[in-house]
Amino acid sequence: MAIFKGSGVALVTPFLQNGDVDYEGLRRLVDFHVEHKTDAIIVCGTTGESATQSVEEHLESISVVAEQANGRIPVIAGAGSNDTNTAIEISQESEKCGVDGLLIVTPYYNKCTQGGLVQHYTKVAESTDLPIIMYNVPSRTGCNILPATAVKIAKEVDNIVAIKEASGNISQVAELAALANGCIDIYSGNDDQILPLMSLGGIGVISVTANIIPDDTHDLCQKFFEGDIEGARALQLKAIELCKALFCEVNPIPVKKATELMGMTNGVVRLPLTEMEPEHTAYLEKTMRDYGIKF
């Protein structure tokens, strides 16, 4: 059974002006997504700025989100690392927090071979009873899970059940779907490719844009599931310019600015991320207004 189906939000992590994690703000974001049809919350992923959180902050953020969700919505904890032992530690501690699943990114910086990926994911999966979503984002990690590797891992490791595919290569996704033949759930990791990926058998998205248009991101997926392809296509195409604006600087700088404009966070990011450039902010504001977002 899938961990979730539909729109999972790659949740931003709000910070206070002094840079500390705003845990009360995090609770408010959980409630916002429960109220606006989001199908799952992914906490402490790339968009959540996990790379600049201490292990203590990371685990506290996961605990707070799981507690606030209180079973109302599935919670998936980002628990990846470029060190297998660290990924195991965070996975085990996340399980104690009561989350519903884990998102494990491929090792970054030191990278590894395809054989190393098999061993890495196997070791992490053996350390926990939680279902795991592999996260393939080679533009950030320099490491690509090839389709044959993903299928091998899914077939050999019972609790590796899904993959977030953010390679941006729709041909690779098609090859993966063909080889998998249903043995692994596939989520889009690119908001401009939700509908194309679902047309190949994907069951949803782990979404940045869902931070600011949760209802429409859910509806896009739901319309597809219900057979309303025209309706799903209309929502996908409507969001294309917004997707461009939300990635005009490195994620999550623009989406953090968008949540600030909407009054949901104060927009603070941690170095090495920086304040959005004025011309990009103006473009984002215009695109959000053109979409119909009120702020």
Side-chain angles (χ1 to χ4, degrees), residues 7-33 35-36 38 40-54 57-58 60-62 64-65 68 75-78 80 103 105 135 137 139-140 164 166 189-192 205-217 239-295:
S7 172
V9 62
L11 193 68
V12 298
T13 300
F15 298 127
L16 300 171
Q17 287 293 347
N18 67 2
D20 291 346
V21 177
D22 179 4
Y23 295 112
E24 287 308 307
L26 202 51
R27 291 183 185 276
R28 290 192 294 272
L29 290 178
V30 171
D31 290 341
F32 171 80
H33 284 285
E35 293 163 7
H36 287 274
T38 295
I41 291 175
I42 295 79
V43 56
C44 291
T46 304
T47 308
E49 295 177 75
S50 58
T52 55
Q53 289 190 48
S54 68
E57 289 174 322
H58 192 134
E60 182 65 16
S61 296
I62 291 167
V64 164
V65 169
Q68 190 68 20
V75 174
I76 295 140
L103 180 71
V105 71
Y135 180 15
V137 57
S139 64
R140 281 187 178 265
K164 176 185 176 182
N190 297 92
D191 286 311
D192 59 352
V205 61
I206 296 177
S207 169
V208 174
T209 60
N211 280 282
I212 61 170
I213 52 166
D215 298 272
D216 281 0
T217 311
I240 291 298
E241 193 64 30
L242 185 61
C243 292
K244 286 173 61 179
L246 288 172
F247 288 88
C248 68
E249 289 189 24
V250 67
N251 181 50
I253 292 173
V255 72
K256 213 61 177 298
K257 176 59 72 173
T259 61
E260 178 187 359
L261 292 170
M262 295 172 69
M264 298 163 65
T265 77
N266 60 18
V268 171
V269 292
R270 284 183 174 175
L271 286 169
L273 301 184
T274 52
E275 177 74 12
M276 198 171 184
E277 295 295 331
E279 64 271 25
H280 292 152
T281 299
Y283 167 49
L284 176 64
E285 287 188 28
K286 181 181 184 304
T287 305
M288 290 171 67
R289 292 187 193 281
D290 289 347
Y291 189 92
I293 298 170
K294 292 182 170 49
F295 54 92

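We're numbering straight along the sequence, starting at 1.
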Legend entry - Heavy-atom closest pair, residues Asn211 and Ala10: ND2-O, 2.9 Å
Inset, instruction - Please say which of Leu284, Thr265, Val12, Thr209 ends up in a side chain to side chain contact (heavy atoms under 4.5 Å, CB included) with Val255. - result: Val12
Legend entry - Side chain to side chain, Arg140 and Val250, heavy atoms closer than 4.5 Å: yes
Inset, instruction - Sort out for me which residue in Leu11, Ile76, Leu29 forms a side chain to side chain contact (heavy atoms under 4.5 Å, CB included) with Ile41. - result: Leu11
Inset, instruction - Would you check if there is a donor-acceptor pair between the side chains of Tyr283 and Glu241 at a distance under 3.5 Å? - result: yes
Inset, instruction - Working to the nearest 0.5 Å, report the span between CG of Asn266 and CG of Asp22. - result: 7.0 Å
Legend entry - Side chain to side chain, Val21 and Phe15, heavy atoms closer than 4.5 Å: yes
Inset, instruction - Please tell me if the side chains of Asp290 and Lys286 come closer than 4.5 Å, counting only heavy atoms from C-beta onward. - result: yes
Inset, instruction - Could you grab the distance from atom CD1 of Ile213 to atom SG of Cys243, nearest 0.5 Å is fine? - result: 6.5 Å
Legend entry - For the student: nearest non-hydrogen atoms of Ala258 and Leu246, plus distance: CB-CD2, 4.1 Å
Legend entry - Closest non-hydrogen atom pair between Met288 and Leu261, with its separation: SD-CD1, 3.8 Å
Legend entry - Under 3.5 Å: donor-acceptor pair, side chain of His33, backbone of Gly8: no
Legend entry - Pair Leu103-Ile206, side-chain contact (heavy atoms from CB on, under 4.5 Å): steps then yes or no: CA-CA 10 Å; Leu103 180 71; Ile206 296 177; 4.3 Å; yes
Inset, instruction - Taking atom types as modelled, find out whether Asp192 and Asn190 have a side-chain donor-acceptor pair closer than 3.5 angstrom. - result: no
Inset, instruction - Could you please spell out the steps behind the side-chain contact (heavy atoms from CB on, under 4.5 Å) verdict for Leu26 and Gln68? - result: CA-CA 9 Å; Leu26 202 51; Gln68 190 68 20; over 6 Å; no
Legend entry - Side chain to side chain, Lys257 and Glu249, heavy atoms closer than 4.5 Å: no
Legend entry - Heavy-atom pair of closest approach, residues Thr52 and Glu57: O-OE1, 4.2 Å
Inset, instruction - Output, in order, the C-alpha distance, side-chain angles, deciding distance and verdict of side-chain contact (heavy atoms from CB on, under 4.5 Å) for Asp191 and Phe247. - result: CA-CA 10 Å; Asp191 286 311; Phe247 288 88; 4.3 Å; yes
Legend entry - Ile293 and Thr287: CA distance, side-chain angles, deciding distance, side-chain contact (heavy atoms from CB on, under 4.5 Å) verdict: CA-CA 9 Å; Ile293 298 170; Thr287 305; over 6 Å; no
Legend entry - Reported SG-to-NE2 distance for the pair Cys44 and His58, which is rounded to 0.5 angstrom: 4.0 Å
Legend entry - Side chain Arg270, main chain Gly19, donor-acceptor under 3.5 Å: yes
Legend entry - From Thr13 atom OG1 to Glu49 atom CD, the distance as rounded to the nearest 0.5 Å: 6.5 Å
Legend entry - Residue pair Cys248 / His280: nearest heavy atoms and the distance that separates them: SG-CB, 3.8 Å
Legend entry - Tyr291 side chain reached by Asp216 side chain, heavy atoms, under 4.5 Å: yes
Inset, instruction - Identify whether NZ of Lys or CZ of Arg in Arg27 sits under 6.0 Å from the centre of the six-membered ring of Phe32 and within 45° of that ring's axis. - result: no
Legend entry - Smallest separation among heavy atoms of Gly25 and Pro14, with atom names: C-CG, 3.7 Å
Legend entry - Validation row: Phe295, Met264 side chains within 4.5 angstrom (heavy atoms): no
Legend entry - Distance-only donor-acceptor check, side chains Thr46 and Asn251, under 3.5 Å: no
Inset, instruction - Indicate yes or no: at least one non-hydrogen side-chain atom of Val9 is less than 4.5 angstrom from one of Ser207. - result: no
Legend entry - Polar contact flag, side-chain donor to acceptor under 3.5 angstrom, Ser7-Thr217: no
Legend entry - Sub-4.5 Å side-chain heavy-atom contact between Thr47 and Lys256: no
